[in-house]
Amino acid sequence: MMAQSRKYLKIGPYGVAAGCAIGFALCVRVVLLSMGWPATNSDEATMGLMARHIAYKGEHPVFIYGQNYMGSLEAHIGAMFFWLFGPSLFWLRLSVALLYTAFLVAMYLLTRLLYSRRLALAVTVFLSFGSIELLTRQLKAVGGAAETLLFGTLVLLCATWLVFSFQEESVTRFGRRRRWLLYGCYGLATGLGMWSHLLVLPFVVSSLALLLFFCYREVRVPVIAAFLVGFLLGFFPSLSFNVQHPAQNSLGALWQLHSSGGTSAKVPFTLWDQLRGTFLVSLPVATGANPQCQVSDIAGVWRTHITPCLLGQGVWGVGFLLLYGLVLLFTLLMCAKYARQSRASALFAGDRRAMRSHFARLALLLSGGLTLLSYLLSPAPALVPITSTRYLVGLLVLFPVLLAPLLTGTQRLYAGLRTPQTRRISPGLLSAICSATLVLFLYANALLALVGVFWQVPTIQATNQQQQKMVNDLLHSGVTRLYSDYWTCNRIIFQSNERLICSVLNEQLQLQDNRYVPYQTLVEHDVHASYVFHVGSPQALALEKRLTQTGRAYTRQELDGYEVYTLDA
């Protein structure tokens, strides 16, 4: 096993090329961050404010403010950069870019274990690009996405390594201790993943099933202890919070979110609506389809105008499902074949490795299947399929098993064209041509999507300048405490380095969605607090109506597309 370990630790030309691809992916993302892409919002500003409080106020929030199911890992990493270089959106987002870079490294190692260095390189290059939606998830610090990818891949990587090395290195004392350490790493990745977001659970369940199937004989006190120590280290923040606040526990909060589809709107829906939302909108967007169609984010409204664009996009979703189904069927057949052979007779070393590879691939496929099934059975795809796409982020981990047969077909076509005797039309050649065409389409789509992202940069930069001008104008006008809508409040608090303090009012001018209660308290205690709403917004109209009815004196001015109301003392 020592020789095998050295083989996997050897870098080689494919490793160097993969390192270059990963470096390219990080550079692209850093360049986009330096240019201010993508546009920020109050969800991301909440993470930035948490990082400020961690860096400068000694706070250590376990979860994102107001979301007791999503860990604060990004905020803690961002706080380190804030402490070193000062608070900014760039340093906050760099934490997400680094987490995604670590995911690419883990994905390369996992694909190399399951297949080959060549396929690992191809997958790494493919994942280095991304559509507008994917790159947004990989750069915007809103929590959960990059962590799900990283820790989901790590638990599968640890489990696969343990399965491949079972009975080969566990016979020596050194080998057993190394396995205990690896079980501890597996537990740590599981704990950190579950603290960050419970979207990682499908990967934990699948990897645990894989381990128990092959390594059940070594489940003894040292192994259990190593796993539990690692798991408790990673999951301790969440466990501590749940014990201290049982009524606000993370599992209950996530279940409520899953049951409601992430919206408070009560809109009826059917299974057909869930299927349409999944395959026309969510699945294509989550797996890199480009271009994307305009879809309403108001609960249920998207169902009233299904466009030809959506139907075309649905071809991607259905195609993804068909490819997944074919690969799953083939993997199940291979697993059954090797299982029968292992019962009939002892397998040779090569056959044992092949069997474990197929079962590990099956675990990877089941992780994605459970992710998709969980999403499909929730109200989210029927109500808000575009904004709930983030719950399918884990499907990116499936690309090694989905690209493997396509790249194999491409290699077969290349080899066939080099041999004159095989240059004739045959089912095998047609299959190889289809595979090569699909591979070229996928890579071209990813490259064009990246180009499309850079085309967006000037528009986003103009938006950023407008937002910063609005913050500066508010400060120059003497406004420091104000009421506004959700998508304005935390954003301007963060952009002003907390010189502006804002409290959220809904369309009925009621306090709502104030993630950090001290901000609400500060504004309520200021009798001179202003009201700042978009021109013509429901809040602005409701406020004018209320002021007219009460006869309260006020001054009003328009500022950068907002109406600023200041009540007379």
Side-chain angles (χ1 to χ4, degrees), residues 1-9 106-117 119-120 123 151-172 174-190 193 200-220 222-228 230-231 327-328 330-343 346-370 397-398 400-401 404:
M1 187 60 201
M2 288 292 294
Q4 189 180 32
S5 298
R6 284 195 295 270
K7 182 182 81 169
Y8 286 116
L9 291 175
M107 179 55 70
Y108 174 80
L109 296 175
L110 178 61
T111 309
R112 192 178 67 171
L113 265 179
L114 294 179
Y115 292 97
S116 66
R117 288 179 172 86
L119 180 66
V123 171
F151 295 119
T153 305
L154 284 177
V155 296
L156 288 168
L157 176 62
C158 290
T160 302
W161 193 289
L162 284 165
V163 166
F164 279 15
S165 60
F166 179 61
Q167 289 183 331
E168 295 177 15
E169 69 171 20
S170 58
V171 295
T172 66
F174 176 75
R176 287 195 297 271
R177 289 178 178 174
R178 184 164 56 181
R179 292 182 66 77
W180 296 344
L181 177 61
L182 195 52
Y183 274 109
C185 292
Y186 173 72
L188 180 62
T190 300
V200 80
L201 274 178
F203 301 92
V204 174
V205 171
S206 299
S207 62
L208 191 58
L210 177 67
L211 275 175
L212 291 177
F213 186 81
F214 283 99
C215 307
Y216 65 92
R217 287 194 297 273
E218 70 174 349
V219 179
R220 300 290 187 269
V223 166
I224 296 174
F227 171 80
L228 287 177
F231 175 76
V327 174
L328 177 61
F330 173 77
T331 306
L332 285 170
L333 291 175
M334 295 302 296
C335 289
K337 169 191 169 183
Y338 281 110
R340 288 193 302 269
Q341 290 180 356
S342 67
R343 286 196 298 268
L347 295 175
F348 294 108
D351 290 333
R352 284 200 303 272
R353 178 173 178 80
M355 180 178 74
R356 293 172 183 180
S357 294
H358 284 294
F359 273 92
R361 296 168 193 173
L362 179 61
L364 184 54
L365 286 164
L366 290 179
S367 300
L370 289 173
V397 184
L398 285 178
V401 287

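Quick note: residue numbers are just sequence positions, from 1. The analysis underlying the following values was restricted to heavy atoms, covering all of them including side chains, and did not include hydrogens, waters or symmetry mates.
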How far apart are the C-alpha atoms of V223 and W180, what are their side-chain angles, what is the distance that settles it, and do they pass the side-chain contact (heavy atoms from CB on, under 4.5 Å) test? CA-CA 6 Å; V223 166; W180 296 344; 3.9 Å; yes
Of the non-hydrogen atoms in A189 and L154, which two are nearest, and what is the gap between them? CB-CB, 4.0 Å
Side-chain touch R352/Y338, heavy atoms, less than 4.5 angstrom: no
Checking L110, T111, L114 against L157 for side-chain contact (heavy atoms from CB on, under 4.5 Å), the one that qualifies is L110
Can you tell if the side chain of T331 reaches within under 4.5 Å of the side chain of V401, non-hydrogen atoms only? no
For F330, enumerate each residue passing the side chain to side chain contact (heavy atoms under 4.5 Å, CB included) test, keeping only those at least two apart in sequence or located in another chain. M334, H358
Side chains of F166 and L162: closer than 4.5 Å at any heavy-atom pair? no
Taking atom CG of L113 and atom CZ of R361, what is their separation to the nearest 0.5 Å? 11.0 Å
Could you pull out the closest heavy-atom pair between L119 and P400, with the gap in Å? CD2-O, 4.0 Å
Distance, nearest 0.5 Å, that separates CG of L366 from OG of S207: 11.0 Å
What's the spacing between Y186 OH and L181 CG if we round to 0.5 Å? 15.5 Å
Over all atoms of both residues, closest heavy-atom pair of L362 and L328: CD1-CD1, 3.7 Å
Value rounded to 0.5 Å, distance of OG1 in T190 from CG in L228: 11.0 Å
Approximate separation, where rounding is to 0.5 Å, of S367 OG and L156 CG: 4.5 Å
Side-chain touch L109/W161, heavy atoms, less than 4.5 angstrom: no
From OG (S357) to OH (Y115), nearest 0.5 Å: 9.0 Å
Do C215 and R179 pass the side-chain contact (heavy atoms from CB on, under 4.5 Å) test, and can you show the C-alpha distance, the side-chain angles, and the key distance before you say yes or no? CA-CA 11 Å; C215 307; R179 292 182 66 77; 3.9 Å; yes
